[in-house]
Amino acid sequence: MKLLVTGGAGFIGSNFIRYWLQRHPGDRITNLDKLTYAGNRANLEGMPPGGELVCRDICDAGLEDLMEGVDAVVHFAAESHVDRSIDSAEIFIQTNVLGTHRLLEAARRKRIARFLHVSTDEVYGALEAEGEFTEAAPLQPNSPYAASKAGGDLLARAYFQTYRFPVILTRSCNNYGPYQHPEKLIPLMATNALEDRPLPVYGKGKQVREWLHVEDHCRVLELALQRGRPGEVYNLGSEQRRTNLQVVQTILRLLDKPQSLIQFVADRPGHDFRYALDAGKARRELQWEPEIDFETGLERTLCWYRQNPAWVESARGPSYKKYYSQMYDNREKRLSEL
Ligand code: NAD
Ligand code: DAU
């Protein structure tokens, strides 16, 4: 089989390529990645043979050239960080909406047999203390990131409705695991804790996220390619739900670091309170069950960050340091101010 994977130098994309090539020796993967700040060549080190990186933008014209003989497209490429989208939304609209359209159109013209559009639970918006989102929930995105992903999702749906182009959509909850950029909660807290630096928790840390190990995500994406029905949406949830404060406290406990490293800081504007997915459809139709429970997966993940200081260094270069200081300097709040 030959796949075109977009965004394969990022977190989930690189884990997916490694997973696929290990399980399907002899298959070939073209990895189309622009290598933004989030794409890292170090994510591709030690890959099994069969992959080729092509440094291009999904917004470019002429992507058909990369689709010769391709059986399926797996589309991960995106601007993916909510905080950056709050700061500056335009690149999110460009990549996540326009880029997704360019890719869909090129794939339709080349009559690609399957197009897997990798999306997120954030397109549904946020929940209060109760309830779960099914695939029938309305799209009510709250951040510019989530709105741009919802735009891509709607185009993917329209390509099925209008052209019967065989798109399958997946919407996953929060992923964690190796090779995740340290701007995101778990690697940020892990790498700070390993250096005894403060752990900046937004607000009071009461928001709830649902956590899926990236390996469980890669496995269900493989199943979606094999068994998913064109035109359908599949929620990919784990039922492993934790408040941010619980996650951070667990990281400190597992790393044997003091809880006093926790620092409460000003909240994210428009911070979604809770995500929770009903993943019954994926369990039934794709015969998928997540296998890695959160505490076990978190312990493995923390070991990986501890054992890979060179990778951490590669991901925390000068541009990350600048980002970190813009985002976190002078953000600390007393709890009474929150
Ligand atoms: P990431 O930010 O780690 O990686 C994104 C990759 O896309 C990078 O390699 C980057 O260089 C590449 N890219 C960005 N813009 C591009 C462009 N215009 N052209 C080509 N390549 C470009 O993201 P991730 O966390 O691995 O997420 C991958 C996908 O999964 C995204 O679509 C995201 O919305 C979705 N998703 C992520 C999570 C999560 O928890 N990380 C959960 C659900 C869904
Ligand atoms: O739900 C799926 C989404 O999960 C994906 O679509 C996004 O691409 C991915 O980035 C992630 O979005 P979140 O906003 O949930 O992830 P993030 O790691 O940025 O934050 C997780 C929670 O932790 C969120 O409630 C904000 C909080 N947080 C985050 C950071 C970086 C903090 O309290 N402190 C921090 O420094």
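In listed order, ligands and their atoms are each counted from 1.
The closest protein non-hydrogen atom to atom 34 (N) of ligand 2 is Pro200 O, 2.8 Å. For atom 36 (O) of ligand 2, the nearest protein heavy atom (residue, atom name, distance) is Tyr328 OH, 2.7 Å. When hydrogens are left out, the protein atom nearest atom 25 (O) of ligand 2 is His271 NE2, 2.7 Å; that is the closest non-hydrogen contact. Protein heavy atom nearest atom 6 (O) of ligand 2, with residue, atom name and distance: Tyr145 OH, 2.6 Å.
Between His81 and Tyr145, the distance separating the two ring centers is not shorter than 6.0 angstrom. Aromatic pair Tyr320/His181: ring centres closer than 6.0 Å.
Listed as neighbours of ligand 1 are Gly7, Ala9, Gly10, Phe11, Ile12, Asp33, Lys34, Leu35, Thr36, Ala38, Gly39, Arg56, Asp57, Ile58, Phe76, Ala77, Ala78, Ser80, Thr95, Val118, Ser119, Thr120, Tyr145, Lys149, Ser172, Cys173, Asn174, Asn175, each bearing a heavy atom under 4.0 Å from the ligand.
Counting heavy atoms under 4.0 Å from ligand 2, residue Asp121 touches it through the side chain alone. Under 4.0 Å from ligand 2, the heavy atoms of Val82 that appear belong solely to its side chain. Only the side chain of Glu122 comes within 4.0 Å of ligand 2, judged by heavy-atom distances.
Counting heavy-atom neighbours within 6.0 Å of Gln259 CD, excluding the residue itself, gives a total above 12.
Under 3.5 Å, the side chains of Tyr124 and Asn142 contain no donor-acceptor pair of N or O atoms.
Considering backbone and side-chain atoms alike, Asp83 places every N or O at 3.5 Å or more from each N or O of ligand 2.
Using a 4.5 Å heavy-atom cutoff, the side chains of Leu53 and Leu32 are not in contact.
How far OG1 of Thr191 is from CD1 of Ile186: 11.5 Å, rounded to the nearest 0.5 Å.
Ligand 2 lies less than 4.0 angstrom from a heavy atom belonging to Met189. For the pair Glu183 and ligand 2, a heavy-atom separation below 4.0 Å is found.
Between Glu285 and Arg229 there is a salt bridge, since a side-chain N of the basic residue sits under 4.0 Å from a carboxylate O of the acidic one.
In this structure, Arg108 forms no cation-pi arrangement with Phe165, as its terminal cationic atom is not both closer than 6.0 Å to the ring centre and no more than 45° off the ring axis.
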